[in-house]
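Take a look at the structure below.
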Amino acid sequence: MTVAITVRDDSPRLKLALGHLTEALEEIGEPWSCGAPDSPASTTIMITASVEEAASYGLNMDAGVRSEGFEIRQGIYKGRQTVYVLAAEETGGMYGIFELAERLQSKGKLLDVPECVMNAKFPFRALKFNLPWSSYRTNECFDLQHDAVRDLDFWVQFLDMMARNRYNTLTLWNLHPFPYMIRPVNFPEACPFTEQELSEWRQYWTSLFQMAKDRGIETYMVNWNIFVSESFKANYDANAVSDLQHYYGDSYSTEQIKQYNRECVTQLIDEYPDLTGLGTSLGERMHDMTPQDRQTWIEDVYYEGMKRASRPVKFIHRAPFSVDPQITRDSIENNGFLPEPVWVEVKFNWSHAYSSPRLLLTHGGSAGMEGYWDRPPANYKITWMVRNEDFFTLRWAQPDFIRTHISANAHDYVGGYYIGSECFIPADDYSHAAGHPHMDWTYAFEKMWLYYMLWGRLLYDSGTPDTVFEEAIGRRFGKSAGSPLLSAYSAVCKMPMALASYFSFTWDFTLYAEGFIASDNTKCDSPGDAFISLQDLLESTPFDPEYLSLRDYTDLLLGGGSMEGRTTPLQLADTLEADAGRGLALLGAIRSERPALDCEKADIEAWAYLGLYFAAKLRAGVHAALFERTGEEAERQNAVEWLSPPHAASHWEALIAVTNAHYREQPLMHLGETPFRWDLFRPQIAADIAFASGKEAIEHAEGHDRRG
């Protein structure tokens, strides 16, 4: 006898998930067939994707099942054991089938699958994806991605990943999308493409939006202001600011430019019926405008353009970083036409959300941002932007950080999260050396599979236990690898959050944790200057005020002050060392049953050595700060010792060895034209030792607090 699967055959979402269910049945040796619920079989799987469909079989789903939610239930139908997947709509049905397949793989028997009711924690679970054309940032790392991102085969894989991991929103970002999508009726020369070229672009966008819709994924085009295309500038207004010019600066807007952008908004909506919505920013090329002027421009252009369209679309309104929340609140809450809720995007801890799960900073460092939520919004929800500008090469997995983040920030006024980067596109993996037998992936997001799974699944259900992720690892690399690999990741991947909590940052380039660099343009005359030196650590104030800086710690230590409730540099060093040691110890218990597992283990090693390096450098920093205050030669020698082999310098060499075995030089936006690899900073390792031991250090000590 076979398992009879009863499911609609007209739903792309259910069909996608059904493929995973049948693979799971075949994996456990259960033959199956799709057909009517009374077809010959020993067991039935019945899948419904609406209340009415369930009622037609005499079923009432759990009253707690909401949109995108589902119920898995065991029962008897026409005398046969039956497993039900019940949902109120197709996306919930798709997620329910995915869940059933996963639980079936875990339990091994269909009738052992436990019952459950699951609903989405947040209605908005988005990936931020920067497009490589008309891009906000420019670098070779974006240029390399043009072909991959234009390839619809890439999007099939990416969107499938999103659906499996319960993401329901794809946000696509560039400076000025319109000339790649439409030929404006009243400004035809603003589009630079021939009819054939534009037809190919239209086919691309139409297919992409349709594929996303088929997977229950909403799509938004998000751009910056105030820009026009280079062709508009050439043909209509030579003074206009084009999308090939620098993204930040004063405004230039005329009635013609407003008309052009307004008509582009309307035409874009009308020509792409599967596009869910638009998003826009109040900042770039609006530098000289008041908050009210910026908001008025959005109302005149975007609001009016959306009103004139043939259908309503959803809207992402980025919270402006020149803060006057009342102006933006009034505009959104009184708009009278936008579908609710409007999603108001706020950068969580600016460009480095992998710092603290506490909200300590927003875009621009603006005070007053709480004005968006200090009283309940009427028709909008805050959506946290979790920007990652800190690790693009090494895999990252730390589920407890995500759970803590969600627990601390899932307020009633919050609608969800965006996960993504401004400086990295997860398409072609250009960082990994070619030819390795363990490279069984093509795209960067495939290499980072666990990162995307963790965020997506926990945003859908923050109660998802570690066993779900351990079993996913086990299915890839062998059952024995599941628990130790996730535990090893969880230990060593605390390193970037520790660095970001301890070292001050603001915008994108001011920190890149996996490289131990901070390439702020005001500091760096050469790529080597980007490395976070011992002197940088001494002069930095921790981002998280719970941490004591090196100099504050030594002042309290020497002065007998209280450190209660604060984390000292030595305590942080102890934690980093313990986590790195635990991660490395766990690796020894993991047998490599597949070559790709070797690469995962190598990344864990790399994070561990980064943690050990940071710990040794903190210890050196304590001694260097004590030398500044006391002039004691022993403190200077201790600082040098912690920076030298077998401590910091050796840890960096171990990091170089493990990463050079897998990774090649790669473009990195933080360094401009200089390619990144860890051995680039060998001279800076030596320079730290020279700073701690040499004349420069002595002069520094003589000029510091020792005078008092």
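In this text, all values refer to a predicted model and were calculated from it rather than measured experimentally.
- Side-chain atoms of T383 do not come within 3.5 Å of backbone N or O of G416 as any donor-acceptor pair.
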Report task. Just do the side chain to side chain contact (heavy atoms under 4.5 Å, CB included) check on V492 and E605 with the steps written out, would you? Result -> CA-CA 8 Å; V492 301; E605 283 190 71; over 6 Å; no
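- Checking side-chain atoms of K121 against main-chain N and O of I406 turns up no donor-acceptor pair under 3.5 Å.
- Counting heavy atoms from C-beta on, the side chains of N349 and F543 come closer than 4.5 Å.
- R166 has no carboxylate O lying under 4.0 Å from a charged side-chain N of D461, or vice versa, which leaves the two without a salt bridge.
- For the pair Y502/T567, no side-chain contact is recorded, criterion being any heavy-atom separation below 4.5 Å from C-beta on.
- Remark: the T393 side chain and the Q666 side chain contain an N/O donor-acceptor pair separated by less than 3.5 Å.
- Residues A661 and H436 come closest through the heavy atom pair O-CE1, 2.9 Å.
- Between D544 and R566 there is no salt bridge, since no side-chain nitrogen of the basic residue lies less than 4.0 Å from a carboxylate oxygen of the acidic one.
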**Report entry** CA sep, side-chain torsions, deciding dist, call: L576, L610, side chain to side chain contact (heavy atoms under 4.5 Å, CB included)
**Finding:** CA-CA 9 Å; L576 287 162; L610 276 163; over 6 Å; no
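- No side-chain N or O of D552 forms a donor-acceptor pair with one of Y547 less than 3.5 Å apart.
- Ring to ring, H651 and Y609 are not that close: their centroids are 6.0 angstrom or more apart.
- The closest side-chain donor-acceptor pair between W384 and N409, if any, does not fall under 3.5 angstrom.
- Closest of all the heavy-atom pairs between R395 and Y489 is CD-OH, 3.1 Å.
- W449 and E600 form a side-chain donor-acceptor contact under 3.5 Å, judged by distance and modelled atom types alone.
- Not one N or O on the side chain of S462 forms a donor-acceptor pair closer than 3.5 Å with the backbone of L459.
- Between Y613 and F516, the gap from one ring centroid to the other is short of 6.0 Å.
- Looking only at distances, a side-chain donor or acceptor of Q398 sits under 3.5 Å from a matching main-chain atom of F401.
- Under a 3.5 Å cut-off, the side chain of D151 and the backbone N or O of D147 do not form any donor-acceptor pair.
- Annotation: the span from I604 atom CD1 to C599 atom SG amounts to 10.5 Å, rounded to 0.5 Å.
- In terms of heavy-atom proximity, R664 sits nearest to D429 at NH2-O, 4.2 Å.
- The neighbour count for D440 CG, taken as heavy atoms of other residues, nucleotides or ligands under 6.0 Å away, is above 12.
- Rounding to the nearest 0.5 Å places CZ of R551 at 8.0 Å from OG of S549.
- The closest side-chain heavy-atom distance from L170 to F158 is below 4.5 Å.
- Summarising the geometry, atom CZ belonging to F424 is positioned 10.5 Å from atom CE belonging to M669; distances are rounded to the nearest 0.5 Å.
- Using a 4.0 Å cut-off between charged nitrogen and carboxylate oxygen, R403 and D400 count as a salt-bridge pair.
- Here the side chain of E514 pairs a donor or acceptor atom with the backbone of F392 at under 3.5 angstrom.
- Looking at E422 and K347, no side-chain N of the basic residue comes within less than 4.0 Å of a carboxylate O on the acidic one, giving no salt bridge.
- L671 has its side chain within reach of L680: a pair of non-hydrogen atoms, C-beta onward, lies under 4.5 Å apart.
- Taking 4.5 Å as the limit, some side-chain heavy atom of V468 sits within range of a side-chain heavy atom of E102.
- For the side-chain hydrogen bond (donor to acceptor under 3.5 Å, both in side chains) with Y417, the qualifying choice from H405, R125, K128 is H405, the only one to do so.
- In this structure, W678 has its ring center closer than 6.0 angstrom to the ring center of F676.
- Here CZ of R582 is found 5.0 Å from OG of S487. Values are rounded to the nearest 0.5 Å.
- Taking 4.5 Å as the limit, every side-chain heavy atom of L450 sits out of range of all side-chain heavy atoms of L485.
- At least one side-chain heavy atom of T464 sits under 4.5 Å from a side-chain heavy atom of F469.
- The distance from atom NE2 of H363 to atom OG1 of T506, rounded to the nearest 0.5 Å, is 9.5 Å.
- Heavy-atom neighbours of E633 CD from other residues, nucleotides or ligands within 6.0 Å: above the threshold of 12.
- In plain terms, the two heavy atoms of Y167 and G456 that are nearest each other are OH-N, 3.0 Å.
- Between F509 and W507, the gap from one ring centroid to the other is short of 6.0 Å.
- Side-chain contact of E471 with S106: a donor-acceptor pair under 3.5 Å is present, judged by distance alone.
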Requested in this report: Check the pair D508 / R137 against side chain to side chain contact (heavy atoms under 4.5 Å, CB included), numbers first and verdict last.
Outcome: CA-CA 10 Å; D508 302 2; R137 301 277 187 212; 2.9 Å; yes
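- Salt-bridge annotation for R318 and E345: present, with a side-chain N of the basic residue lying under 4.0 Å from a carboxylate O of the acidic one.
- Nearest heavy-atom pair across G621 and L534 is CA-CD1, 3.6 Å.
- Within the 3.5 Å criterion, the main-chain N or O of L486 finds a donor-acceptor partner in the side chain of S490.
- Aromatic rings from W224 and Y136 are positioned such that their centres are separated by under 6.0 Å.
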Report task. Output, in order, the C-alpha distance, side-chain angles, deciding distance and verdict of side chain to side chain contact (heavy atoms under 4.5 Å, CB included) for F531 and I685. Result -> CA-CA 9 Å; F531 189 73; I685 303 301; 3.6 Å; yes
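- Of the possible donor and acceptor atoms, none in the side chain of D679 sits under 3.5 Å from a partner among the backbone N and O of R682.
- The main-chain N or O of S533 is found under 3.5 Å from a side-chain atom of D536 such that the two form a donor-acceptor pair.
- With S135 contributing its side chain and N174 its backbone, the two residues share no donor-acceptor pair below 3.5 Å.
- Separating the CZ atom in F129 from the CD1 atom in I425 is a distance of 6.0 Å, to the nearest 0.5 Å.
- For K617 and D688, the salt-bridge test passes: some basic side-chain N is under 4.0 Å from an acidic carboxylate O.
- Closest approach of S519 and A530 over heavy atoms only: CB-CB, 3.7 Å.
- At a threshold of 4.5 Å between non-hydrogen side-chain atoms, the residues L144 and D428 do not count as touching.
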